[in-house]
Number of protein chains: 2
Amino acid sequence: MDFFSRTGKMALGSRLRLLTARLTDDAATIYDVYEIGLKPKWFPVFFVLSEEGEKTITEIAGEIGHSQPSVSKIVREMTAAGLISENNDTEDKRRNVVALTPEGIEATARIKEQYSDVNAAVEDMIASSRHNLWEAIEEWEYLLDRKSLYQRVEEQRKIRESKKVRIVPYAEQYRATFKTLNEEWISTYFEMEEADYKALHDPEGYIIDKGGSIFVALYDNEPVGVCALIRMQDPAYDFEMAKMAVSPVARGKNIGFLLGQAVMRKAKELGGKQIYLESNTVLKPAIGLYRKLGFRKIAGHFTPYKRCNIQMAADLHTFAD
Amino acid sequence: MDFFSRTGKMALGSRLRLLTARLTDDAATIYDVYEIGLKPKWFPVFFVLSEEGEKTITEIAGEIGHSQPSVSKIVREMTAAGLISENNDTEDKRRNVVALTPEGIEATARIKEQYSDVNAAVEDMIASSRHNLWEAIEEWEYLLDRKSLYQRVEEQRKIRESKKVRIVPYAEQYRATFKTLNEEWISTYFEMEEADYKALHDPEGYIIDKGGSIFVALYDNEPVGVCALIRMQDPAYDFEMAKMAVSPVARGKNIGFLLGQAVMRKAKELGGKQIYLESNTVLKPAIGLYRKLGFRKIAGHFTPYKRCNIQMAADLHTFAD
DNA sequence: ACTAATTACATAACCAGTTATGCAAATATA
DNA sequence: TATATTTGCATAACTGGTTATGTAATTAGT
């Protein structure tokens, strides 16, 4: 199929569907030829029952990876075909315990030869290909269990978007941005406090002139995020990370992470050993970001901010870009 | 999925379907997130039109590997969404030439980022697996183009069945079988001739005592096929293969081939160089079998049988078991 | 002991594809 | 030039799955 070499991997779903349809069609013919009186789609249900005797609808569904209604339908069809008997045993009247009838059990014997022929044919195809389809599927199932394709695509999007982001040092032209971005989130979740007004009104005086720095994230050359590095007067912590703010329209581009990295890199450059921050646990994504940057919860440090209910610190020795 | 390690390769179709469904579900979410206003199932149609401009329904169907009605439906949906315009150009009023509208073309630009993110995510998954799913699918498409799964399973069935067949030398107890099996097919297609009556009535006298042999195929210890090796009085051909008959109930077990091999092996063993046979072209499967055994058409040899309209011979030097 | 929540399932409605079918337009053939 | 065949497509009906929903039976919570 030349088509898929042009589309690229984007069409993996389509390609898989086509291959599946092809095999399914052949499967129908094969089942016909062996005259066992089984429909291909019955196979998974048939198989678990032949191996494990009695089962409820939901148990079967879980085991074969189908939805419950799907198994419900298949069971009805197989009952009509005389292969399955329903409502066996069961004190619990909600449960529908199904099992193979004698005819069903008899079919298990007859299907063995078909089973071994199909198996041999597939093994043969696998043996004559360089890439093992069966194993590849298994690996994909495993990988998708750990992280869905959607999540993986999201990650790629972030990586791509973050390449468009530039982190630059503070300049006077960004004073307004520094103020408004911070006011925005603070007043959304909390209230502006005295210390906020001071720092946001005069960042040069309150942050930079005291040996700190501010970084600005540009997206398409527009400032969309800020973060400050503040020099502390504390024997344990040399620096504080503070006033991180990212415009809501620029979410999902990894900007917080890039700003945090810039701040920590600078702190390390200036000889810092520990970096400190304070925040509030209602800001879940922020806390997650801090953890990703290497911050861990600490306790008992003085803070002038009311809104602060969590304090964190990171070791700058172990911080690597 | 422990389930599939228990079923074995028989459930390849099921397993593929499950994986496909999983990816399809995620695809829907991904398309939503990128807000391009495209449904995943539109992608193949969208792609060909974006690459190649105008196309008819049937052309698209052929290219993307869908059925024509499928494309018909997709085109209707995309038209409703304003992405496609129908019935462009066309002197031939049967044809429905479709193309992207300006909005559709605009969407091609917007989808590029989604495209590259998905591509990167899939590449990443492929890179982190030992078995390349994409390549494996391609190989399967190739293999299935050459021979369907059904045909491959049939081959395996024959191999398995032919293992149950034993070829044994003639003994008196098989005289009746030798006669009836041959009478059966001869009188079905032709009429019994004088030479038939003689050989079938007294195989010992007419075949074995004259330096020939007869082989019998047993299936479950029942005789189901016979074939004779007759010594000839001819400078060109040492032996003739004749009176091959297989019971109709034992078809598809490769019995003819096994009998033919036994006869040719014996002929070679006896120092034969060329083996000859005569048949009739209405017996298509038989002629195919002879060709598979190495026989090729020759002309101009004398035959006492009216029903014979083709003569074939095989070189025994090149015959290998 | 009674009510609320949960569970097991069937049924209905939908989805993305398919095959079967019919019709109109175009082409081939006598 | 009239008729038969082929082509291109739409539509209908089916398939093997899904999600959504309703209901009866059971279990949990007060």
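The figures here come from the full heavy-atom set of this structure, side chains too, leaving out hydrogens, waters and symmetry mates. Please read all numbers here as calculations on a predicted model, not as lab measurements. Chain letters run A, B, ... following the sequence lines, proteins first and then strands; every chain starts at 1.
Remark: C1' of C:dT7 and CG of A:N96 are 14 Å apart, rounded to the nearest angstrom. If you measure from atom OH of A:Y31 to atom C1' of D:dG16, you get 14 Å, rounded to the nearest angstrom. Rounded to whole Å, the distance from NZ on A:K41 to P on C:dT18 is 18 Å. For the pair A:I60 CD1 and C:dA8 P, the computed distance is 14 Å after rounding to whole Å. In this structure, A:E63 atom CD and C:dA8 atom P are separated by 15 Å, rounded to whole Å. Going from atom CZ of A:R22 over to atom P of C:dA16 covers 23 Å, rounded to whole Å. Between the P atom of C:dT11 and the CD1 atom of A:I74 lies a distance of 15 Å, rounded to the nearest Å. One atom, CG of B:L16, and another, P of C:dA16, lie 20 Å apart when rounded to the nearest Å.
Listed candidates were C:dA10, C:dT19, D:dG17. Nearest to the side chain of A:K73 is D:dG17. In the set C:dA10, D:dA10, C:dA16, the nucleotide with an atom closest to the side chain of A:R17 is C:dA16. Proximity note for B:T58 (side chain, C-beta onward) versus D:dC9, C:dA8, C:dA10: the nearest is D:dC9.
A donor-acceptor contact under 3.5 angstrom links the side-chain atoms of A:Q68 to the base of C:dA10. Side-chain atoms of A:K39 and base atoms of D:dT15 include no donor and acceptor less than 3.5 Å apart.
More than 12 heavy atoms of other residues, nucleotides or ligands lie within 6.0 Å of NZ in B:K164, so this atom counts as buried by the packing criterion.
Counting heavy atoms from C-beta on, the side chains of B:R152 and B:L143 come closer than 4.5 Å. When side chains are defined from C-beta on, A:H66 counts as touching B:L18, because their heavy atoms get closer than 4.5 Å. Residues A:E54 and A:V98 form no side-chain contact, since every pair of their non-hydrogen atoms from C-beta on lies 4.5 Å or further apart. A:T56 is not listed as a side-chain neighbour of A:I60, based on a closest heavy-atom distance of 4.5 Å or more.
By the 4.0 Å N-to-carboxylate-O rule, B:K158 lies too far from B:E155 to be salt-bridged with it. Under a 4.0 Å N-O distance rule, the pair B:E77/B:K73 does not qualify as a salt bridge. Comment: A:E161 does not engage A:R251 in a salt bridge, judged by the lack of any side-chain N to carboxylate O separation of less than 4.0 angstrom.
When the nearest nucleotides of DNA chain C are assigned to B:P69 and B:E77 by heavy-atom distance, the more 5′-ward of the two goes with B:E77.
Exactly one of B:Q156, B:Q151, B:R157 qualifies for a side chain to side chain donor-acceptor pair (under 3.5 Å) with B:E154. That residue is B:R157.
For B:S67 and C:dT18, the shortest distance from a side-chain N or O to OP1 or OP2 is below 4.0 Å. An OP1 or OP2 oxygen of C:dA10 is reached within less than 4.0 angstrom by a side-chain nitrogen or oxygen of A:S72.
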Interface polar pairs with nucleotides 23-27 of chain C, N/O, under 3.5 angstrom:
unit_1: C:dA26; atom_1: OP1; unit_2: B:E91; atom_2: O; d: 3.2
unit_1: C:dA26; atom_1: OP1; unit_2: B:K93; atom_2: N; d: 2.8

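For the atom pair CG (A:N132) and CD (A:E123), the distance works out to 8.5 Å, reported to the nearest 0.5 Å.
At a threshold of 4.0 angstrom between heavy atoms, the contacts of A:T56 are confined to the sugar-phosphate backbone, with no base atom among them.
Within residues 43-51 of chain A, no residue has a heavy atom under 4.0 Å from DNA chain C.
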